[in-house]
Structure formats: C-alpha cells, structure tokens
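The sequence lines fix the lettering, A, B, ..., with proteins before strands; numbering per chain opens at 1.
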Amino acid sequence: MCFKSVLIFEDLKLKIADEVRRHMPSFADSFIELDSTGRADFTLKLFRFSRDPNFKSIAESLVSAMKSLDFVETCELSGNYLNIRIKTAFILNLIETSINEKAQYPDTFQDPDRVLVEHTSTNPTGPIHVGRTRNSVIGDSLARLLRRYGYRVSTQYLVNDTGKQVLGLYLGYLESGRPVMTIKNLLDGYKRVYKQIEENKDKEKEIENLIKKYESGDGSIVRDVKSICTVMLDGIRKPLLDLGIKIDDYVWESGFLKSEEMENIIKRLEEYLKDENGAKYVETKEGRKIFIRRSDGTSLYVLRDLAYHLFKSLNYDWLIDVLGEDHKDYVKGLKEILEDKIELRSSLSFVFYSYVSLESGKMSTRSGNVVTLDDLVERATEKALEIVRAKRLDLDESKLKEISRAVAISAIRFNIVRINPEKQLIFRWEEALSFEGDSAPFIMYSYARTTNIIANYTPADNVRTANDFNTYEKALVFKMYSFPYCLNTCRESLRVDPLASYLLELVRLFNDFYNNCRVLGSGDDEPKRIHIVNIYRKIIEDASSILGIRLIDEM
RNA sequence: GGGCACGUGGCCUAGCAUGGAUAGGGCAAUAGCCUCCUAAGCUAUAGAUCAGGGGUCCAAAUCCCCUCGUGCCCGCCA
C-alpha cells in the first residue's frame, strides 16, 4: 500500500525491454542493465538465448529492431552481449524538458500516503556521539529521499524519559544535592551512580523504587525528570541542527505510561497474554517469551514501544524506524506482535546500521570513551578553516567561515552516509578530517567550478549550436540521465549510500569533461556545453540536497 | 551454546538483491601537471589468492554448505 509513489521520467530501459520481447518473448527486464564497462549505455545479456539454434538470426533482427528506435544511436552484438548507445541529444532533451516544465528531473507523482521516519531517539543521558550520529544522518537522508520521491514525510524522535537509565540520571542528580541542571553536572552524577552499581548491585533497587514512584505519577519526580531530559535533549538537538538535521516531532515516552494506546494494546493482546508470577508476557512463534509488564505492574519498554507504534499508526501509513543492529532480534518480536497480533494498519519497515567504535574500543558515554558530535563539528570546522584560509588569501574572514562551515558539515555527513550501513565502522580522526578524494568537498568543488563558468559566460554572436557530442560529453549526459535509476535503487532498498556512490561517479565524469572540454570560448561548442553545465548543476543540487551536502558557489 | 550481520591491494571502500565481458574508487607511495573556465583538481606508475575450503553452474566477489576472524543479540534493561 505504500509504494504508489513513482518517478516520472522516460524509462528507456523499459522501452528497450518491451521492444526486445517482440523478438524474444521470455526476455526479462533484469537482462538489461546500465553498462559499467564503458562499452555501451545499456547492455543486454543474451546468454539465456544463445543456445537457440536460430540465435544468430534472431540477434540480427534484434539489432536492426533496436536501431530503428528513435533514441538508439548504435547497437551491436558483442559475444552474448548486445551493446546499445543512446542518442545524447535525445536524452539531453528529455532531462531539459523535465527541468524546464517541472523544475526537476525526474519529476514525481505526489503520493497521498504519509510516511513517518523515526530516527535518532537516543537516550537523553548525555551528549550525542559520533556512533549515534550514524542513525541521525541515515534517518534524515532517508526522510529527504522519500520526500524527494513524492511521499509526505515527517520525522520523529522518541524521547526515552522512563526506565532505568533516566531514573539513574535522576538519582545521580539527587545524590549530587540537586545542583544546577547543566549537562556536565547531570552527567557527573549519572556516572557516579553507575560506578556505585558496579560495586554494589543493591543500588539498582533504589532506581527501581524511583521507577515505581515515577510511574505512579509522583509530581516532583515527574517535573524534575522532565527538566533533566529537556536539558540533555537540548544538548543533543544543537549539534544535529548544525548538521542540518531537524526532527519534526519529539514524542515523550512517559506519555504512554497510562495512555489509551497502552490500554488498547493490552486489550488487543488479551487472548495472547500469559502470566508468570504476576508478570505478563506474549509468546512468539519461535517460543520466545516477550515480557511486557513486570510483576509489580510497571511497564516494560516493549509495551511502551508497542503503544508508541500504535500511536504512530493513527496518523501515518508507513512507519520506518532507524535502529542499531542490536535491535534486530528485538524488532523480530515487536514486528510479529504488531503485524500478527495487533494487526496494525500501517506498513512497517526497519532500517539497521552497525555500530561505530573507536580504536580504543567500544564507545560509551558512561566510561568516557567517546567522541561527541559537538567535538567532531568543532574540529572539522577548524580544520576546514585552516585549509581554506591557506588557499584563499583574497577572501574576508566571514566568507572563510561560511565556506569552512559548509565544508565541515557536508564532509561529516557524507563520510557517514556513503558507507553501507551494515558495515561496522571504526572512527578515526584523520579520516573524518580528510577533505580530499571520495568526500563531500570533492563534490562541492566541482559545483564551485560550474558557478565560475556560468558567471563568466556571455553568449557569443555568430555561433552555430553544435549538436554532436564527444565521449566526455556523452558519458556525462548519460550519467545524468540515469539519476532516476539510482533513486529507485535507494527507495527500494531504503538505503542512501548508493546515491553517494552515484554522486561521486557523476562528479568524476564532470571532472573528465571539465579537464578535456573547454567550455568558455569554445566557439560552436560553447552553447551546448553551457547547457550541459547548467543541467549538471541541477542534478548535483538535487542529489546533494538529499544527502545534506551544502553546495556553495566558491571554495 | 543458539541466532543475525560483516570479511574485497598496506589502510578505507563500491560491486553481491536480479551470477556473465579486463573487480570500480579513495587514502598512503613514486613520477609529473597551475602564462590555459578554482590544483580541495588532473595524469601516469606500482599494488588484489575478492578471509580459507568445498559445492552448484557453460560461467561465482556475487548463490549453497563448512571453517576461521570481527561486531551484535539471546533480561520481569532500554
């Protein structure tokens, strides 16, 4: 139900496949692909047909059929591959028409379905670190991708203001003698409490008692916990905003403690609910017990999470959660309950990412083995400023700051988002602070070059507009044409890293073009090349905005 | 012990869904390129038993099985 959104563009792949099927009825769409070897634009794999005794003649008629298509430039058989080149003028015109008429390529069909991407949702027990940032960056980029795709998208953060960690934070606050609520003071108290727990397990009892009081609605605790969480949350929101990550809604978990949704969940689960010494649990298909309520009557995280998902489903058709890999098994149970037992009306998707560690080991706020996002933003900005200052002696301080800020933010986001989320990462400063090669500044730099070209362009008189294209121009234009295919891959897999790869390849092709095809003053070639540069700017702006890269006009 | 991922040149990474033409980039290294639209760029050289073994197939980095290594999960924690 949640896949109505479509990209509107001329899909030549499908057109070719349809034509091929007139000659080879069993030809599947998947036998045609975007060529990656430089031999063609599209390539057809004919291995499955090559044993046919009439293969030669069928292939020959196929070649001539392909050649008769108005957008095909060349077509030739090479072994069991059929290599097709598309007329560059044809696709350039397609892209241009879309941009001129719809202001974007590809255009989209606006889907009425509402999508909710829940991401970050990190416990408000300290500043956000670079490991958690992976969640935020992936979630925010996914939301942007789906928005670009035509979905109505909101983002949400579930603030965990219940349970052991937060009440531990509160206990630390009490034992510190209720100091001024600063992140540092709160964190110090929190660390002290957990140190005591390590030495003496009984300390946990104190927290459990606080949970009971809290869940019964004790006024002063509720007020203090809310204040503490607000302070911590502000510390998390700020660096995220620096990265351009604005989360639409913050939902407080404590709101579900005595909620309608929670009652509703329990009612709907009634026939499945089992009892063990007063505690309530649901049994999964695999025979695992999932406890939702303690024997003392207080709620467990699963129950509050179920209530939260029920709440989300009231307003959204497709719920997407971005979660750490440690939640994989947990989600299995959650999903089973929501889909089979509660019969939630919304579709559910889960996106997982692996953890980021440091060379010194696992990241942990409590132990102090962390790199916070604040630190990273600060150091990246400093480093970028140092570099741009050395390169651009002509610019004033505010301009330098503006550039270094954009570079730092973009580089941080890109470094995270370009990696397959399943891969475990080790954070290294020298990599995080590298602004060369496969990085955001590499992309931004090519954009700055186009700005310069456009700024220095004055249409010349007496030129004919050339309409033939060299290999650099052809390759670049076709790559731009293939942008929607990349978006499709991303949407289908709920991944954004393929878009990062696409952007790097696109920029590399632009650099080839830039280094080999003079634009300004190129006579008959000039208008055509200016055209290409303008369209390139559109595509790169589009793709960059999905990944949160801030393009700037000079660097 | 059971389960879920990941393992690609010294280091990082793409490709794996839907098997197919010389495994694509980057960092680091070496040698070059700014009288020419910004050198955060470009060119060239060197560097790969695609963790190891077996299997399926005309064809395996890609699919299946086993082994090893790494991370994560298996709570009346969140």
What pairs with [X] under side-chain contact (heavy atoms from CB on, under 4.5 Å), at least two apart in sequence or on another chain?
X: A:A466; result: A:D468, A:D524, A:D525, A:K528
X: A:K391; result: A:I387
X: A:R85; result: A:D41, A:E73, A:T74
X: A:I454; result: A:V533, A:N534, A:R537

ask   = Contacts to RNA chain B from residues 123-134 of chain A, heavy-atom cutoff under 4.0 Å, which residues?
value = A:N123
task = Mind running a 4.0 Å heavy-atom check of residues 326-337 of chain A against RNA chain B and sending the residues that fall below it, in number order?
result = A:D326, A:H327, A:K328, A:D329, A:Y330
remark   = For residues 444-456 of chain A, the salt bridge (charged side-chain N to carboxylate O under 4.0 Å, His left out) pairs (sequence neighbours left out) are none
request  = Among B:C58, B:A14, B:A21, find the nucleotide with the atom closest to the side chain of A:D35.
outcome  =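 Closest of the options to the side chain of A:D35: B:A21.
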Atom pairs, protein N/O to nucleotides 41-43 of chain B N/O, distance under 3.5 Å:
residue, atom, partner, partner atom, Å
B:G41, OP1, A:G437, N, 3.2
B:G41, O3', A:N511, ND2, 3.3
B:G41, O2', A:R449, NH1, 3.2
B:G41, O2', A:R449, NH2, 3.1
B:C42, OP1, A:N511, ND2, 3.3

Residue list, side chain to side chain donor-acceptor pair (under 3.5 Å) with A:R392, at least two apart or on another chain =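 Residues passing side chain to side chain donor-acceptor pair (under 3.5 Å) with A:R392: A:D394, A:E554.
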ask   = Given the rule that a pair is Watson-Crick or G-U wobble with both distances under 3.5 Å, how would you write RNA chain B in dot-bracket, using | for pairs to a different strand?
value = (((((((..((((......[...)))).(((((.......))))).....(((((..]....))))))))))))....
message = Check this for me: does the side-chain of A:S295 come within 3.5 Å of the base of B:C76 through a donor and an acceptor?
response =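 Side chain to base: pair present.
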message = Taking donor-acceptor contacts at under 3.5 Å, does the side chain of A:T43 reach the base of B:A21?
response = yes
Could you list all N or O pairs between the protein and nucleotides 33-36 of chain B that sit under 3.5 Å apart?
residue, atom, partner, partner atom, Å
B:C36, O2', A:R518, NH1, 2.8

Interface polar pairs with nucleotides 68-70 of chain B, N/O, under 3.5 angstrom:
residue, atom, partner, partner atom, Å
B:U70, O2', A:Q424, OE1, 3.2
B:U70, O2, A:Q424, NE2, 3.0

